[in-house]
Structure formats: C-alpha cells, structure tokens
Amino acid sequence: MNRYQQLADLIKQQIQHDTWRAGERMPSIRVISRSHSVSTGTVLQAYQQLEAQGWIVAKPQSGYFVSAKLDRVEDPKQDALCTYPSLNDRLFEFLKSHNQEPFLKLGSAFPEPNLFPLEALNRSLASAGRRAKPESILAHMPPGIEGLRRAIAQRYIQQGLNISHDDIVITSGALEALNLSMQVVTKPGDAVVIEMPTFYGALQCVERLGLKAIPLALHSNQTSALVQLEQAFSQHNVTACWLMSNFHNPTGQSLSDVSKQKIVELARKHQVHLIEDDVYGELYFAQDKPSSLKSFDNGQQEQVLHCCSLSKSLCPGYRLGWVVSKRFHQPIQKLQMMSTLSGSAPIQLGIAHYLQHGSFDNHLRRLRKTLHQRTQHMADMLRRYMPSSVEFTRPQGGYFLWLKLPDGVSGEKLSQQLAEYEITVASGSLFANNSECDGFVRLNTTFAHLAETEQAIKQMGDLLRLALKEATV
Ligand SMILES: Cc1ncc(COP(=O)(O)O)c(C=O)c1O
C-alpha cells in the first residue's frame with residue numbers, strides 16, 4: 001500500500017472512531033507532514049483521496065473539515081466484513097450520544113435534570129447517613145431496607161392499592177426489577193408477548209434470556225389488540241407478557257381501565273404472568289393517578305409482577321426501583337442475590353428518609369404541572385414547524401411524543417442528520433425488533449422551554465421538508 005493510502009486509512013479510522021467529529025477542522029497539510037515525517041505532497045494526496053470518498057471536505061481558504069456522516073463512502077471491503085449492528089450495539093451508541101456535550105438531548109429517556117429536588121435529596125441522604133448504625137449500612141441483603149419498603153407500601157395504600165411491604169423487593173432501578181421478574185417466570189425458549197413498539201429494555205431482556213417474542217401493538221387500537229392478545233395467549237402457550245399500562249414508552253399512550261381489567265382476566269384464564277412496567281405512573285396530567293394492572297389483580301392466584309422506580313419521578317442516578325409480587329417474592333430475592341446481591345444500603349436509607357420527611361407529593365405536583373406545560377408547548381411547536389403529514393400522539397402523562405414521519409422518511413436517517421447539529425432524537429428502530437417503527441421518532445418534551453429546542457424543532461421540520469422534496473423528484 002502506498003504511503004499516502006496508509007495515511008488516508010489512518011485518518012479514516014480516526015474519523016470512524018469519532019476522534020475527529022463531523023464539522024471539525026483537520027490539521028493542516030504542513031502539520032501532518034511534519035508529525036508523520038512525509039512530504040506535503042503525500043499528505044495532499046491522502047487528503048484528496050479522503051475528500052473523494054466523502055470523509056472530509058475542503059473549504060477555500062480555511063482548510064479541510066470532517067464531513068457529515070451521511071456523505072461518507074465506506075470502504076466496500078470493510079462493508080463486506082461488517083454485520084448490521086445488533087440492537088445492543090445500536091443502543092450502546094445511542095445512549096453514549098447522550099453523554100456528549102453540548103448536545104440537546106431530545107432523545108433522552110430521562111427528564112431534564114433540573115426538574116429533580118436534588119438539594120432536598122442530598123439533605124435526606126446526609127441526615128440518614130448521620131443516623132445510620134454501622135450494621136444498617138453494612139446490611140445488604142434482599143428484599144431491601146424495611147423502612148423504605150414500608151414507605152413505598154404506604155404510598156400504594158394511600159392510592160387505594162393494598163400492597164404489603166412484605167411483598168416488595170428493592171432493586172437497582174426498574175430495569176433490574178423487570179429483568180428479574182421476566183427471568184423468574186420464564187425459561188429459555190418460552191414464548192412471551194411484548195409490545196410493539198416497546199421500551200428497548202424488553203427487547204434486550206428477551207434476547208438475553210433466549211425467549212421467543214410475540215410482538216403486539218397494544219395501544220393504538222385496544223379493541224382489536226385484545227382480540228389478538230387472546231389469540232396469542234391461546235395459540236402460543238405464552239408464559240409471560242411484559243407491558244406498560246400507563247404513559248407507554250415510546251408512544252406516551254395509556255390503556256383504558258376496561259382494557260387493563262380485560263388483560264388481567266385473560267392472563268388469569270391462560271395462566272400468563274403479566275410483567276407490568278409502571279415507571280411513568282406518577283407522571284399523570286389529570287386529577288387522579290391512573291389505575292395499574294396490579295389494581296385489577298385481585299383473584300386467588302396473583303398474576304401481575306408490578307415493577308416501578310423513582311428514576312423518572314425523583315432521582316434517576318440513584319438507581320432505586322422495586323418489584324411487587326407476593327407469589328415470587330422469595331424466588332426474585334434468590335435471583336437477585338446471584339446478580340447484584342442487593343441495592344445500595346445508604347441510598348435506600350436516604351430515599352426512605354426523603355419519602356418519610358421530604359415533600360415528595362409537593363415535588364410531584366410541581367413536576368406533573370411542568371411536564372404537562374412542556375408537553376403542550378412541544379406539541380404547539382410541532383404543529384408550527386412540522387410538515388402537515390407528520391402525526392404525533394397526545395399523551396395524558398409522562399414526557400414523550402411519538403412522531404410518525406412522512407411516508408418513506410427514515411427516523412434513523414433523521415436522527416443522524418440532527419446529530420450533525422448536536423441534537424439527539426430517539427429513532428423508532430430502537431423500539432422494535434423489526435422494521436415497523438423505522439418511520440418514527442420519540443421526542444422528550446422536558447426541554448421544550450429552551451430557545452435551542454424551538455430552533456431544533458424548526459431544523460427538524462426543514463430536514464423533513466427537504467426529504468419530502470427529494471422523494472418527489
Ligand atoms: C419504560 C421504561 N421502563 C424501565 C426503565 C428503566 O428504569 P430505571 O432507570 O428505573 O431502571 C425505563 C428507563 O428509561 C423506561 O423508559
């Protein structure tokens with residue numbers, strides 16, 4: 001291989017690894033020539049090759065700049081070796097992009113950090129830490145610290161749900177609660193129903209546990225979905241069904257009470273375990289908290305493993321979640337002991353203190369109001385700036401809007417284009433294990449009050465109009 005080709009390959013690899021990012025200026029020909037001990041002519045040839053392949057662009061009087069990802073031509077030999085990245089790889093890249101500053105994170109799954117009462121939480125952590133006895137800090141066995149389980153159970157009781165603290169296992173976020181629940185009721189090869197689209201954690205769990213997924217769109221047309229659900233339950237010997245009844249991620253939609261009740265009845269009839277993910281249940285815009293599947297689970301045999309966390313409503317980074325299940329209380333603890341052993345004791349004590357002495361309900365009231373306002377504001381901006389063929393959901397809680405892009409427009413491509421402007425959105429392909437959601441994106445509405453967000457939505461509208469124009473020529 002010629003020296004200039006070696007140099008071009010080296011620079012290309014650096015761009016592929018994001019050492020040089022789109023829009024950044026490349027070192028001058030003279031600098032590279034000196035640092036690599038080659039002639040300026042060799043560097044020029046390398047740069048020209050990279051330019052011809054779309055990796056860099058020359059700007060008159062300014063030098064060479066890294067081009068947008070979409071303009072780059074991958075080496076065909078390399079392409080043949082690459083396989084299509086698995087969901088896990090794509091997710092890893094997507095979640096990593098959320099750590100980049102100064103990106104506007106409209107693709108994030110978490111509310112804007114300023115919405116959480118971090119000072120009050122810190123005070124609770126410090127106060128609980130001061131009072132803790134050495135043995136309580138060192139205690140780290142499932143099911144978790146009793147004071148915390150009591151505080152959680154009391155909240156359910158105040159909301160009309162008869163939950164005992166003895167049936168709660170504290171976990172590291174809802175993700176662990178959901179994974180343990182799924183694992184405890186299934187064995188590899190079992191058929192399970194998952195929603196389509198669904199939270200990507202469900203897709204990863206199904207993959208990891210070697211389960212057979214039966215995808216079902218539960219939210220869009222609930223009447224026909226219930227018929228399909230019954231068919232799936234009776235025809236495929238389904239073991240479990242993982243679903244979100246309130247403010248579903250990514251669509252924001254909720255099941256009606258009639259649907260929730262019917263689903264629990266069907267599950268009981270066909271002996272299917274329902275893994276309920278209720279992480280957004282507290283974030284309702286209406287007067288009252290919506291019901292959960294668990295509230296209809298009052299037969300002799302428990303059907304619902306109810307999973308929840310404080311990640312969306314109080315403190316994402318604290319990783320505090322739980323699962324409510326009388327029937328699987330012990331088996332879940334045994335599984336937990338084999339993986340994470342237990343949640344962190346100081347965090348549990350601090351959160352228990354906050355739930356007992358802090359003003360969680362006041363915080364929630366403020367949070368719900370803000371989320372409602374910002375979601376409405378985001379919807380207004382979408383109406384103003386999107387082409388008329390873009391459709392989106394009108395959730396009654398949470399902070400996601402699910403956008404259906406104009407026919408033929410890819411959410412993945414749009415998200416790559418927006419990344420060039422330092423804006424993230426979650427492309428629909430992250431929420432499905434087939435191509436059904438490729439034409440969608442999920443937007444986080446909690447950043448709607450920022451001036452950059454209005455600019456970003458305008459930019460998105462412009463890109464979509466351009467895509468529509470290109471599609472018609
Ligand atoms: C629907 C849904 N379930 C579960 C989780 C995981 O929650 P936690 O952060 O509490 O593990 C998330 C996080 O994004 C989510 O969106």
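As the structure lists them, so they are numbered: ligands from 1, and atoms in each ligand from 1. Everything quoted here is computed from the prediction, not taken from an experiment. One-based numbering along the sequence shown.
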Passes side-chain hydrogen bond (donor to acceptor under 3.5 Å, both in side chains), Y385 versus Q459? Steps please. CA-CA 9 Å; Y385 296 119; Q459 184 68 56; over 6 Å; no
For atom CG of N237, is the number of surrounding heavy atoms from other residues, nucleotides or ligands below 6.0 Å larger than 12? no
Assess whether atom CG of N162 is packed by more than 12 heavy atoms of other residues, nucleotides or ligands within 6.0 Å. no
Q253 side chain to H248 side chain, donor-acceptor N/O pair below 3.5 angstrom: no
Hydrogens and angles aside, do S429 and E412 bring a side-chain donor and acceptor to less than 3.5 Å of each other? yes
Distance-only donor-acceptor hits, side chain of residues 391-399, under 3.5 Å, sequence neighbours excluded:
residue : atom : partner : partner atom : Å
T393    : OG1  : T251    : O            : 2.9
T393    : OG1  : W402    : N            : 3.2
Y399    : OH   : A109    : O            : 2.7

Per-pair distances, ligand 1 N/O vs protein N/O, less than 3.5 Å:
residue  : atom   : partner : partner atom : Å
ligand 1 : 3 (N)  : D277    : OD1          : 3.3
ligand 1 : 3 (N)  : D277    : OD2          : 2.6
ligand 1 : 9 (O)  : S311    : OG           : 3.1
ligand 1 : 9 (O)  : R319    : NH1          : 2.8
ligand 1 : 10 (O) : A174    : N            : 2.8
ligand 1 : 10 (O) : S309    : OG           : 2.7
ligand 1 : 10 (O) : S311    : OG           : 2.6
ligand 1 : 11 (O) : A174    : N            : 3.0
ligand 1 : 11 (O) : L175    : N            : 2.9
ligand 1 : 11 (O) : R319    : NH1          : 3.4
ligand 1 : 11 (O) : R319    : NH2          : 2.8
ligand 1 : 14 (O) : K312    : NZ           : 2.5
ligand 1 : 16 (O) : N249    : ND2          : 2.7
ligand 1 : 16 (O) : Y280    : OH           : 2.6

